[in-house]
There are 2 protein chains.
Amino acid sequence: MDGRKARGEKKRRAIVEATLRVIEREGVAGVTHRSVAREAGVPTTAPTYYFATLDDLLIATLLWSADEICDDMLKIVASGGTAGEIARSLAQAVNENRGRTLAEYELYLLAGRRPELKPAARRWLDLAVELARPADPVAFRAFLAAIDGLLIQGLIADVAPNEDELEPIVSFLIRGRDDSTAVPREE
Amino acid sequence: MDGRKARGEKKRRAIVEATLRVIEREGVAGVTHRSVAREAGVPTTAPTYYFATLDDLLIATLLWSADEICDDMLKIVASGGTAGEIARSLAQAVNENRGRTLAEYELYLLAGRRPELKPAARRWLDLAVELARPADPVAFRAFLAAIDGLLIQGLIADVAPNEDELEPIVSFLIRGRDDSTAVPREE
DNA sequence: AAACTTATGGAACACTTGTTCAGGTAGTTG
DNA sequence: CAACTACCTGAACAAGTGTTCCATAAGTTT
């Protein structure tokens with residue numbers, strides 16, 4: 001094992017994390033080699049060294065962000081996956097984690113223009129289907145679509161909705177899915 | 001009436017339309033004074049002349065795009081507003097008009113970072129509520145959220161969904177709203 | 001510890017960007 | 001038709017961009 005490579009891997013990840021922070025703060029438009037380097041506290045040319053092109057850096061950030069989204073979802077499912085849990089998570093996403101959510105959607109749209117990124121962007125959707133094994137696929141797809149819509153609309157609301165406002169909507173979507181299996185399967 | 005001003009107004013609008021075309025093609029990232037000028041067939045400095053800053057140009061484009069979205073929605077409502085009509089519209093948005101839809105969502109997110117743009121970005125939502133006067137506001141909000149979700153998820157699907165795939169989902173969302181006003185499936 | 005390899009970073013380059021500005025031009029007015 | 005004014009634009013500039021390159025430092029192997 002080469003210690004040099006290990007250190008490199010670490011710095012590489014630090015750069016990706018810094019990129020996500022830059023996007024949270026200034027949007028994808030604010031991502032430049034220099035701004036990322038400043039944020040990560042590495043030399044100006046480090047991002048160029050680790051990522052052939054600026055695009056590659058954004059792609060790596062999207063992939064990493066996609067992983068995090070999946071992790072978050074697993075946590076929600078693990079904690080029961082009730083309407084209340086989901087509503088709390090959504091409320092957090094558009095309030096405390098507003099910047100992060102905004103960043104995730106900017107990266108989401110990036111995938112709209114890069115076919116090779118699509119699988120990563122929608123990984124959480126596939127994972128959700130796999131975990132829930134919905135009895136009524138149509139209702140479940142409506143539910144998943146509404147999640148995205150609630151988040152994105154929460155981002156452009158004058159005051160972002162809180163848990164209590166979201167809960168009835170989420171509840172409606174779950175109930176509508178199939179009354180007999182109101183709660184998603186646990187593991 | 002000064003003919004000079006009339007001509008200016010026309011050119012101003014041409015620049016905004018060119019901006020939207022650039023966003024469709026290359027994304028917000030591709031918008032520069034020069035790229036817009038090239039697209040509109042006007043001198044390089046014309047965009048700067050008509051819009052104090054590049055931001056102002058994007059803002060004007062968002063406002064114009066918001067108007068168009070509202071127009072489209074009015075058309076759908078005028079044509080009956082059935083699940084089938086809505087599904088056809090959504091299918092068009094993620095297929096024939098894919099670029100346009102992508103552009104609209106990029107501008108949407110722009111509003112997430114510019115509070116003053118939020119009202120314009122969600123105008124179609126307010127208009128929808130006004131037109132529908134929903135009996136069940138919770139269900140209607142779920143429906144509106146799902147619209148956004150279906151579009152954005154359609155943009156990152158490997159193959160965008162067509163009218164027939166969307167119709168059951170839209171239908172489910174409308175039916176859930178209020179069983180007594182369920183729309184009979186045609187075709 | 002010497003030889004070797006790989007990671008690293010500062011300086012530099014060519015390029016594009018947003019924006020300024022002074023002059024010219026077209027439409028309006030007396 | 002001459003004077004005027006408001007609109008418009010081409011050239012130019014300073015600032016910031018992505019990326020290259022090579023000298024150097026750091027780590028590994030012999």
Side-chain angles (χ1 to χ4, degrees), chain A residues 1-62 103 106-107 110 113-114 117, chain B residues 1-63 103 106-107 110 113-114 116-117:
Chain A
M1 173 54 170
D2 195 328
R4 290 174 292 188
K5 286 198 173 163
R7 218 154 39 100
E9 243 354 90
K10 211 165 174 178
K11 200 183 276 193
R12 204 185 137 92
R13 199 165 57 235
I15 290 173
V16 170
E17 292 178 23
T19 305
L20 193 49
R21 283 199 302 275
V22 171
I23 300 179
E24 287 178 29
R25 203 180 335 114
E26 312 169 41
V28 172
V31 174
T32 70
H33 280 148
R34 284 166 175 84
S35 68
V36 168
R38 217 176 305 131
E39 173 73 30
V42 298
T44 311
T45 50
T48 318
Y49 176 72
Y50 288 100
F51 301 91
T53 161
L54 199 72
D55 247 39
D56 286 346
L57 176 55
L58 282 174
I59 288 170
T61 308
L62 167 61
E106 291 196 14
L107 290 169
L110 197 70
R113 298 191 186 276
R114 312 278 159 88
L117 293 181
Chain B
M1 173 57 172
D2 196 326
R4 289 174 290 188
K5 287 198 172 164
R7 218 156 35 102
E9 240 1 83
K10 210 165 176 179
K11 199 182 278 191
R12 202 184 140 92
R13 201 166 54 235
I15 290 173
V16 170
E17 291 178 24
T19 304
L20 192 51
R21 283 199 302 275
V22 171
I23 301 179
E24 287 178 30
R25 204 183 331 116
E26 312 169 40
V28 172
V31 174
T32 69
H33 281 148
R34 285 166 174 82
S35 68
V36 168
R38 216 177 305 130
E39 174 71 32
V42 299
T44 310
T45 50
T48 318
Y49 176 73
Y50 288 100
F51 302 91
T53 161
L54 198 72
D55 248 38
D56 287 346
L57 176 54
L58 283 175
I59 289 170
T61 308
L62 167 61
L63 295 176
E106 292 198 14
L107 290 170
L110 198 69
R113 297 190 186 277
R114 313 279 158 89
E116 75 271 22
L117 293 180

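Proteins come first, then strands; the chains are lettered A, B, ... in the order of their sequence lines, and each starts at number 1.
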Undergrad: With respect to the phosphate group of D/dA26, does any side-chain polar atom (N or O) of A/Lys11 fall under 4.0 Å of OP1 or OP2?
TA: no
Undergrad: Using a cut-off of 4.0 Å on non-hydrogen atoms, how would the nucleic acid contact of A/Thr48 be classed: base, sugar-phosphate, or nothing?
TA: base
Undergrad: Any side-chain heavy-atom pair from B/Glu17 and B/Arg21 closer than 4.5 angstrom?
TA: yes
Undergrad: Do B/Leu54 and B/His33 make a side-chain contact, defined as non-hydrogen atoms from C-beta onward lying under 4.5 Å apart?
TA: yes
Undergrad: Side-chain donor or acceptor of A/Arg7 under 3.5 Å from a matching atom on the base of D/dG27?
TA: no
Undergrad: Heavy atoms only, 4.0 Å cut-off, all strands: where does A/Phe51 land among base, sugar-phosphate and nothing?
TA: nothing
Undergrad: Reckon B/Thr53 touches a base, only the sugar-phosphate, or nothing at all at heavy-atom distances under 4.0 Å?
TA: sugar-phosphate
Undergrad: Please tell me if the side chains of A/Leu58 and A/Leu62 come closer than 4.5 Å, counting only heavy atoms from C-beta onward.
TA: no
Undergrad: When you check the phosphate oxygens OP1 and OP2 of C/dA7, does a side-chain N or O of A/Lys10 lie under 4.0 Å from one of them?
TA: no
Undergrad: Counting any heavy atom closer than 4.0 Å, what does B/Thr45 reach on the DNA or RNA strands: base, sugar-phosphate only, or nothing?
TA: base
Undergrad: Report the distance from atom CD1 of A/Ile15 to atom C1' of C/dA7, rounded to the nearest whole Å.
TA: 12 Å
Undergrad: What is the distance from CD of A/Glu26 to P of D/dG16, rounded to the nearest Å?
TA: 13 Å
Undergrad: In whole angstrom, give the distance that lies between atom CG of B/Leu57 and atom C1' of C/dT19.
TA: 14 Å
Undergrad: Could you state the atom-to-atom distance from CZ of A/Arg12 to C1' of C/dT8 in whole Å?
TA: 15 Å
Undergrad: OP1, OP2 of C/dT19 versus side-chain N and O of B/His33: anything below 4.0 Å?
TA: yes
Undergrad: Over how many whole Å does the gap from B/Tyr49 atom OH to C/dT20 atom C1' extend?
TA: 14 Å
Undergrad: Find the distance between OG1 (A/Thr48) and CD1 (A/Ile15) and round it off to the nearest 0.5 Å.
TA: 9.0 Å
Undergrad: Distance criterion of 3.5 Å, no angle test: do you see the side chain of A/Arg34 paired donor-to-acceptor with the base of D/dG18?
TA: yes
Undergrad: Assess the side chains of B/Thr32 and B/Ser35: does a donor N or O sit below 3.5 Å from an acceptor N or O?
TA: yes
Undergrad: Expressed as a whole number of angstroms, how long is the span from A/Asp56:CG to D/dT19:C1'?
TA: 13 Å
